[in-house]
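Following: one structure in structure tokens, then a few remarks.
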Amino acid sequence: LGFGQLTVAIGDYALRRNLAFEVFTGPRQRDVSLPSGETVYDALAQRGIAARVVENLRSVADGPYAIADNHTLLFSVGSPFIIRKDLIDLYRGRVINAHGAPLPRWRGAAGITWRMLAGDSAGRVCFHLVEPGIDDGDIVHREDYVFPDNLRLPRDFERYAVERDKAAIDGFLDRILRGESLIREAQDPAVATYTPRLHTPSQAYIDWRWTAAEI
């Protein structure tokens, strides 16, 4: 569910392991691009992977609501859809989200930009179970790291984080295929923080009356 560089990496994994793989995303992600400039949609199409752009998951007759079984896993990569409890229950909890931030801090959206604004260089490969709340499900895989000092722009941080995610995904999915039990780490709500989505046209500005620290 969702378009991103990790979506393509999971698709490549599925092809190598001869697994059925299908992608669903929403209209606002239709033109999401890879660093090469190629869209995720085109990259998947070239691999023969079905990628469908839909308004909502319930509208698809043969979509996730119809194909739930004991052999199917839902993986969210920046999913544009709200994943509701009825869908989670259909898959008996086998819905996993990739959230590239050190949960339970930095739940929500725009995690890279908010951490840059806060001067926080902590990064994490973080895969967690999806629950009806926002990014609050048990963590099932994590690898902590610190962003290098030479990164400057949000896209530089994002690329670094995605490369760490891509390096981890094969081993994580291999464990699932082997039937290994995943160790579940509950999140502590007492230290959780949340950041909302940012809107560049209305928020990416500088008021020169601010102090240097505020800027």
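Note that the structure is predicted; figures quoted are calculated from it, not measured.
- Below 30°, between 30° and 60°, or above 60°: for Trp210 and Tyr205 the angle between ring planes is between 30° and 60°, a tilted geometry.
- Interatomic distance, CZ of Arg175 versus CD1 of Ile183, reported as 7.0 Å (0.5 Å rounding).
- With rounding to the nearest 0.5 angstrom, the CD1 atom of Ile169 is 4.5 Å from the CD1 atom of Ile10.
- The side chain to side chain contact (heavy atoms under 4.5 Å, CB included) search around Ala14 returns Leu19, Phe21, not counting sequence neighbours.
- Taking CG of Asp170 as the reference point, atom CZ of Arg17 lies at 6.0 Å (rounded to 0.5 Å).
- Ring orientation note: the planes of Phe75 and Phe172 are nearly perpendicular, at an angle over 60° on the 30°/60° scale.
- Put simply, the residue from Leu73, Val130, Leu74 that forms a side-chain contact (heavy atoms from CB on, under 4.5 Å) with Ile96 is Leu73.
- Judged purely by atom type and a 3.5 angstrom limit, Asp138 has no side-chain atom pairing as donor or acceptor with the backbone of Leu129.
- Shortest non-hydrogen contact noted between Pro80 and Gln29 is CD-OE1, 3.4 Å.
- One distance of note links CG of Leu103 with OG1 of Thr193; it measures 8.5 Å at 0.5 Å rounding.
- For Arg47 (side chain) and Ala43 (main-chain N/O), a donor-acceptor pair under 3.5 Å exists by modelled atom type.
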Pair up each side-chain donor or acceptor in residues 58-69 with any protein partner under 3.5 Å, not counting sequence neighbours, and list the distances.
residue	atom	partner	partner atom	Å
Arg58	NH2	Asp86	OD2	2.0
Ser59	OG	Asn56	O	2.6
Asp62	OD1	Arg52	NH1	3.0
Asp62	OD1	Arg52	NH2	3.2
Asp62	OD2	Arg52	NH2	3.4
Tyr65	OH	Asp86	OD1	3.2
Asp69	OD1	His71	N	2.8
Asp69	OD1	Thr72	N	3.0
Asp69	OD1	Thr72	OG1	2.7
Asp69	OD2	Thr72	OG1	3.4

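- In this structure, Asp120 and Arg105 approach most closely via the heavy-atom pair OD2-NH1, 2.9 Å.
- Proximity of a side-chain donor or acceptor of Asp156 to a complementary backbone N or O of Leu153 within less than 3.5 Å is detected.
- Here Phe81 and Phe24 keep their ring centres 6.0 angstrom or further from each other.
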Would you sort out whether Ile139 and His99 count as a side-chain contact (heavy atoms from CB on, under 4.5 Å), showing the intermediate values? CA-CA 10 Å; Ile139 296 169; His99 187 83; over 6 Å; no
Name every donor-acceptor pair, under 3.5 Å, that has one atom in a side chain of residues 31-38 and the other anywhere in the protein, sequence neighbours excluded.
residue	atom	partner	partner atom	Å
Ser33	OG	Asp31	O	3.4
Ser36	OG	Glu38	N	3.4
Glu38	OE2	Gln46	NE2	3.0

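- A side-chain donor-acceptor contact under 3.5 Å links Gln203 to the backbone of His199.
- For the atom pair CD1 of Ile49 and CG of Leu15, the computed distance is 4.5 Å after rounding to the nearest 0.5 Å.
- Within the 3.5 Å criterion, the main-chain N or O of Gly2 finds a donor-acceptor partner in the side chain of Thr7.
- Side chain of Trp114 to backbone of Pro196: a donor-acceptor contact under 3.5 angstrom is found.
- Atom NE2 of residue His128 and atom CD of residue Gln187 lie 6.5 Å apart, to the nearest 0.5 angstrom.
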